There are 2 protein chains.
Amino acid sequence: MSATDMSDDSTDVSICHHGEFQPRIVDMGRWEPDASGRLRRAALDLYSERGFEQTTVQDIADRAGVTERTFFRYFTDKREVLFDGLHALEDVIVAAVMSAPAEASAKPMKLAMDSLQAATPFFAERYDYAKQRAGVIAANPGLQEREFLKLSSMALGVATALKARGVGDSAADIAGDTAVVVFQQGFQRWIGGSDPDALGRCMREAYDELAALAAQG
Amino acid sequence: MSATDMSDDSTDVSICHHGEFQPRIVDMGRWEPDASGRLRRAALDLYSERGFEQTTVQDIADRAGVTERTFFRYFTDKREVLFDGLHALEDVIVAAVMSAPAEASAKPMKLAMDSLQAATPFFAERYDYAKQRAGVIAANPGLQEREFLKLSSMALGVATALKARGVGDSAADIAGDTAVVVFQQGFQRWIGGSDPDALGRCMREAYDELAALAAQG
DNA sequence: TTGGCCATGTCAGCGACTGACATGAGTGAC
DNA sequence: GTCACTCATGTCAGTCGCTGACATGGCCAA
């Protein structure tokens with residue numbers, strides 16, 4: 001069964017679902033390319049349209065023009081399809097921590113915060129996508145669970161990078177966790193606003209507030 | 001089918017599984033009492049013995065001497081059996097925030113931290129249980145997800161209570177999140193140590209470190 | 001006694017996820 | 001040119017988490 005043989009009703013939708021690939025005349029392999037990308041888009045759209053729980057993996061696979069089994073080859077579960085891109089984000093932030101000048105290690109909290117700024121272009125390009133995704137996640141506790149797990153992985157990544165720079169264990173752990181709190185708070189303000197380039201500023205403000213609060217008692 | 005009729009091999013284990021209830025001669029209702037407690041114990045023990053994923057809900061129900069369906073009447077899912085007790089914890093902390101003297105609202109971060117101290121007796125009584133439970137959770141990402149969700153619910157509870165006292169929205173949100181970070185860090189040190197009464201001190205230390213870090217940059 | 005309450009049991013079914021095996025275009029070796 | 005090998009995908013059967021609908025039978029109040 002080739003990608004073009006498929007004749008169930010949802011296939012047409014799936015193949016034309018994103019803008020690229022109009023000239024599908026020559027040079028077509030056995031299967032439509034970018035199956036995982038199609039699955040990601042199909043999943044996000046269906047989660048938006050009907051809700052996460054009202055969407056079956058079969059639905060997603062149908063819209064993407066693949067089988068359910070293929071979905072599970074790319075994503076470990078139904079939630080992960082919204083989150084696997086975050087590995088790249090974590091990598092960017094951790095790289096920023098590692099590549100800072102040597103003297104930055106003396107102020108681990110500041111180092112962590114500055115490294116978060118490295119993530120802002122990652123999001124600025126995807127403002128609309130980020131908003132849609134955030135709406136879906138906010139509507140479902142199960143998806144929030146997964147988000148928290150990813151954030152904690154980010155915190156651990158930052159903490160580990162700080163430790164590798166010689167920062168003490170407990171300072172590194174706390175700085176990592178605190179950075180994630182700031183990221184989260186800043187992100188929510190950014191999503192709630194309308195300026196795609198404001199993420200860095202939102203995080204900065206959140207951090208300043210946190211520092212002011214911590215100084216109180 | 002009454003609780004005493006059951007004759008499959010795991011039933012005996014389940015009925016005698018916890019110390020109480022030796023005199024089961026008279027005064028026995030239709031079913032063994034405290035089904036949810038038996039399920040909680042059975043689940044924690046099985047998760048410890050075989051691991052979370054290697055344990056089926058059927059296993060838990062068998063050991064507790066009930067049916068699988070009964071498990072799902074008490075707990076919304078297989079993870080929740082380890083977490084539903086945390087509602088009580090959140091209530092205690094939120095109550096502490098609400099009942100502080102009026103002038104405490106001026107220093108929301110300090111108020112949140114002091115309220116966390118109200119939770120320490122909750123844990124001191126259950127040190128061994130808490131260690132076993134923490135070990136199980138640490139071994140399974142799926143359980144960590146649920147733990148983070150509960151912690152975020154705690155953060156939201158603290159933030160909401162602070163707002164009810166007149167604290168500004170963003171300060172309340174950040175104080176709630178930060179309090180949870182401190183709770184988490186303190187909890188981990190407490191679990192890693194050997195003094196059941198040290199939780200309060202561990203949290204205090206974590207907070208002091210956080211404040212020192214935040215003051216740096 | 002009767003009748004309703006309610007914790008539990010029973011049963012059928014859906015959907016998430018997995019392991020094992022089949023298929024067939026693309027690709028390089030000869 | 002064809003042979004063998006790869007590898008993304010399809011196919012199929014099965015387990016387990018979880019739910020709705022209905023049955024059962026001690027208990028308690030009228």
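Here is how names work: the chains are called A, B, and so on, in the same order as the sequence lines, proteins then strands, and each is numbered from 1. Small disclaimer: the values here were computed from a predicted structure and weren't measured.
Taking the C1' atoms of five terminal pairs at each end of the helix from dT1(C)-dA30(D) to dC30(C)-dG1(D), the two resulting helix axes are inclined by 0°, rounded to 10°.
Put simply, CZ on Phe52(B) is 13 Å from P on dC17(C), counting in whole angstrom units. The CZ-C1' distance, from Arg69(A) to dC21(C), rounds to 11 Å in whole Å. Atom-to-atom, CD of Glu32(A) to P of dA25(C) comes out at 16 Å; the value is rounded to the nearest Å. Straight-line distance from the CH2 atom of Trp31(A) to the P atom of dC7(D): 13 Å, rounded to whole Å. As a whole-Å value, the separation of Arg30(A) CZ from dA22(C) C1' is 10 Å. As a whole-Å value, the separation of Asp62(A) CG from dT9(D) P is 16 Å. The CZ atom of Arg38(B) sits 14 Å away from the P atom of dA7(C) (whole-angstrom rounding). Taking atom CG of residue Leu46(B) and atom P of nucleotide dG17(D), one finds them 12 Å apart after rounding to whole Å.
Using a distance-only test at 3.5 Å, with no hydrogens or angles considered, no donor-acceptor pair links the side chain of Trp190(A) to the main chain of Gly200(A). In terms of modelled atom types and a separation under 3.5 Å, the side chain of Asp59(B) and the main chain of Thr56(B) share a donor-acceptor contact. Arg126(A) places a side-chain N or O within donor-acceptor distance of the main-chain N or O of Phe122(A), the cut-off being under 3.5 Å.
Considering only the side chain of Glu68(A), dC17(C) comes nearest among dC17(C), dA7(C), dC16(D).
Shown for residues 70-81 of chain B: residues whose heavy atoms fall under 4.0 angstrom of DNA chain C, namely Thr70(B), Arg73(B), Tyr74(B).
No hydrogens or angles considered: nothing links the side chains of Ser152(A) and Gln144(B) as a donor-acceptor pair under 3.5 Å. Under the 3.5 Å distance criterion, with hydrogens and angles disregarded, a donor-acceptor pair is assigned to the side chains of Asp62(B) and Gln58(B).
For the residue pair Val57(B) and Lys78(B), the shortest heavy atom distance occurs at CG2-CG, 3.8 Å. Residue Leu46(B) comes nearest to Thr55(B) through the heavy atom pair O-OG1, 3.4 Å, listed as atom of the first residue, atom of the second, then distance. The two atoms that bring Tyr127(B) and Gly193(B) nearest to each other are OH-O, 2.9 Å, heavy atoms only.
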Extract all donor-acceptor atom pairs below 3.5 Å that involve side chains of residues 167-178 of chain B and protein atoms in other chains or at least two apart in sequence.
{"from": "Ser170(B)", "atom 1": "OG", "to": "Glu209(A)", "atom 2": "OE1", "distance (Å)": "2.6"}
{"from": "Ser170(B)", "atom 1": "OG", "to": "Glu209(A)", "atom 2": "OE2", "distance (Å)": "3.1"}
{"from": "Asp173(B)", "atom 1": "OD1", "to": "Lys163(B)", "atom 2": "NZ", "distance (Å)": "3.0"}
{"from": "Asp177(B)", "atom 1": "OD2", "to": "Gln185(A)", "atom 2": "NE2", "distance (Å)": "3.0"}
{"from": "Thr178(B)", "atom 1": "OG1", "to": "Ile174(B)", "atom 2": "O", "distance (Å)": "2.7"}

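For the pair Ala35(A) and Glu53(B), nearest-nucleotide mapping onto DNA chain D gives the more 5' position to Ala35(A).
As judged by a 4.0 angstrom heavy-atom cut-off over every strand, Thr55(A) is placed among residues touching the sugar-phosphate backbone only.
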